[in-house]
Number of protein chains: 2
Amino acid sequence: MPHTYEYPRPSLTVDAVVFGFDDQDLKVLLIQRGLEPFQGKWALPGGFVHMDEPLEAAVRRELKEETGLTNVFLEQLYTFGDVARDPRGRVVSVAYYGLVKLADHQVLAATDASNAAWFPVAELPPLAFDHDRIMEAAHKRLQGKVRYQPIGFELLPKKFTLSNLQHLYETILERPLDKRNFRKKILGMAGGDLLIDTGEIEQDVSHRAARLFSFNQKRYQTLEKKGFNFEL
Amino acid sequence: MPHTYEYPRPSLTVDAVVFGFDDQDLKVLLIQRGLEPFQGKWALPGGFVHMDEPLEAAVRRELKEETGLTNVFLEQLYTFGDVARDPRGRVVSVAYYGLVKLADHQVLAATDASNAAWFPVAELPPLAFDHDRIMEAAHKRLQGKVRYQPIGFELLPKKFTLSNLQHLYETILERPLDKRNFRKKILGMAGGDLLIDTGEIEQDVSHRAARLFSFNQKRYQTLEKKGFNFEL
DNA sequence: TCAAAAGTGTTAACCATACACCCATGC
DNA sequence: GCATGGGTGTATGGTTAACACTTTTGA
């Protein structure tokens, strides 16, 4: 069923850089390409935008189809439109970055996407197309945004220890943080309302168990409207 | 000369929100549409992306064609892809924001774009398509970015007084700033190297003439690489 | 009892804020 | 001489940064 236009049109795709955190590394979800071009190479999940589909819906659909992931936090990153970025012709791609709680959902467990895998950001294989550029842009955006928006919590389980949180920040920002100052700041933020002490503690650890906290999303949204700014 | 594809493709356009500052107001460049849809309405400059043309080049071409503007500072803003944002069908638009030194160049003087005009951001006419949303996003981006990147200088003439600069910030941020603290901060920044005292003073003012400064772009770029951060 | 990580305060340096008067110039 | 904006310093309060030991728990 061919489609004909008076003027030529670029193809439009979406790509997703989905980050996860496993208490050790910051990781990214990649798929191994089954078709040419770049057959066998690793690439970002993504694909063509349908005519009746908003951009973000297209990313969610592709993520589900290619990796089985659903319910991902997503934000638009940047649109890549270099003339030669795809050997098949002019393809413009709207890139998104995503954050996912690796520990909560058993991601990639029950999917047929056997060619999808998580890679540590620090040890990525060579990527297809200009996906290394997209990766780099997404990583920089994450590093910038995590400092003034409470998006880090999207990478942690609902209940987490302050050490989990600190370690996440240290991993993303690639620098050590002072434990006492970190706790003081994050617990004191917004009048001490931002984190909820669940009253529970870690289980099955071979040392003193830490208290589990959760992020007070509702409280944050209320404060945000009143001009409150999360910062570091 | 028709073009045929196996799958349907959205149209791809670019739009530009170009800001200018005239020492009084923050302004935006709009064009009055000559064709349907929205004939006669004001809209952002923009148009279709050519097949052999990078996105930013497309914005620059459209800006030149529609408004006569060249040599604009441009950054990508966001890509708008709602299914119904254009009554003609699926049109995805990559929006850019631009900054221009209104005082230096006699913009719009010698162009045939008689249907282009500058409007104060605070008093915009109703806009075509979803251009009010794009405007709003651009304005917010400007307000956010001006605080941690030295982009304000793109809106001022090469030589400016500290009062010019302060007034620009007050206009963009929509709040008053303390004169002494502002001067202290901006002059002390980067070891006092960020602004160059040109040794010249204002001409033709009916009060004490202020010193003229220029932004030390080279010095800033050097410092930026070493991890220096401009901030407010 | 040892290992491993949790939890906890104080001090000093720095930075942000608030604030008011005299100066130079043109009319 | 008056109106207009240019130019300047200090004191206070708050924020950040540096820093080390005791506690709890399981192995």
Side-chain angles (χ1 to χ4, degrees), chain A residues 21-24 103 146-148 156-157 159-171 173-192 194-214 227-232, chain B residues 21-24 103 146-148 156-157 159-171 173-192 194-214 227-232:
Chain A
F21 180 68
D22 70 356
D23 233 273
Q24 203 62 34
V146 83
R147 288 183 43 205
Y148 63 92
L156 290 178
K159 298 171 182 177
F160 50 85
T161 68
L162 292 180
S163 290
N164 291 156
L165 186 61
Q166 180 179 343
H167 191 185
L168 168 67
Y169 274 89
E170 289 177 329
T171 305
L173 299 175
E174 294 172 322
R175 65 186 160 94
L177 299 172
D178 180 88
K179 183 161 64 158
R180 279 176 288 191
N181 293 336
F182 180 80
R183 283 162 185 246
K184 218 184 309 170
K185 180 143 202 183
I186 204 98
L187 287 177
M189 202 172 267
L194 211 63
L195 293 192
I196 299 167
D197 185 342
T198 64
E200 299 169 57
I201 57 169
E202 279 182 301
Q203 300 298 323
D204 303 316
V205 286
S206 72
H207 53 77
R208 177 172 177 180
R211 301 158 88 154
L212 292 169
F213 291 85
S214 65
F228 168 75
N229 275 319
F230 180 91
E231 205 168 325
L232 201 134
Chain B
F21 181 68
D22 69 356
D23 234 273
Q24 202 63 33
V146 83
R147 288 182 44 204
Y148 63 93
L156 290 176
K159 297 171 184 177
F160 51 84
T161 69
L162 292 180
S163 291
N164 292 155
L165 187 61
Q166 182 180 342
H167 191 186
L168 168 68
Y169 275 87
E170 290 177 327
T171 305
L173 298 176
E174 295 172 320
R175 65 185 161 95
L177 299 171
D178 180 88
K179 183 161 63 159
R180 278 178 288 190
N181 293 337
F182 180 81
R183 282 161 187 246
K184 217 184 310 171
K185 179 142 203 184
I186 205 98
L187 287 177
M189 202 172 267
L194 211 62
L195 294 192
I196 300 166
D197 185 342
T198 64
E200 299 168 57
I201 56 169
E202 279 181 301
Q203 300 298 323
D204 303 317
V205 286
S206 72
H207 53 77
R208 176 171 176 181
R211 301 158 87 154
L212 292 169
F213 291 85
S214 65
F228 167 75
N229 275 319
F230 180 91
E231 205 169 325
L232 200 131

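Being a predicted model, the structure only gives us computed values, none of them experimental.
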Provide, to the nearest angstrom, the distance between the [atom1] atom belonging to [X] and the [atom2] atom belonging to [N].
X	N	atom1	atom2	value
B:R211	D:dG6	CZ	P	13 Å
B:L187	D:dG6	CG	P	14 Å
B:R180	D:dA11	CZ	C1'	12 Å
B:F213	D:dG6	CZ	P	12 Å
A:I186	D:dT16	CD1	P	12 Å
A:L232	D:dA17	CG	P	9 Å
A:D178	D:dA20	CG	P	11 Å
A:R183	D:dC21	CZ	C1'	15 Å

Nearest to side-chain heavy atoms of B:K184, which nucleotide of D:dA20, D:dT8, D:dG9 |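 For B:K184, the side-chain atoms sit closest to D:dG9.
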Nearest to side-chain heavy atoms of B:R208, which nucleotide of D:dG5, D:dA20, D:dA18 =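 The answer is D:dG5.
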What is the nucleic acid contact for A:T161, judged by heavy atoms within less than 4.0 Å: base, sugar-phosphate only, or nothing?
-> nothing
5' precedence on DNA chain D between A:H207 and A:K185 (nearest-nucleotide basis) | A:K185
Which atom of [X] lies closest to which atom of [Y], heavy atoms considered:
X	Y	answer
B:R180	B:D178	N-OD2, 3.2 Å
A:D197	A:L212	OD1-O, 3.8 Å
A:E202	A:H207	OE1-CE1, 4.1 Å
B:Q166	B:L177	NE2-O, 2.8 Å

Please find the earliest and latest nucleotides of DNA chain C, in the 5' to 3' direction, that have an atom within less than 4.0 Å of any heavy atom of chain A.
->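 The footprint of chain A covers C:dA4 to C:dT10.
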Salt-bridge test for B:E200 and B:K159: reply yes if a basic N is under 4.0 Å from a carboxylate O, no otherwise.
-> yes
Should the ring pair A:F21 and A:H167 be called parallel, tilted or perpendicular, given that the plane angle runs from 0 to 90° and is split at 30 and 60?
-> perpendicular
Do other residues, nucleotides or ligands put more than 12 heavy atoms under 6.0 Å from the CZ atom of A:R147?
->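 Open: at most 12 neighbouring heavy atoms sit under 6.0 Å from CZ of A:R147.
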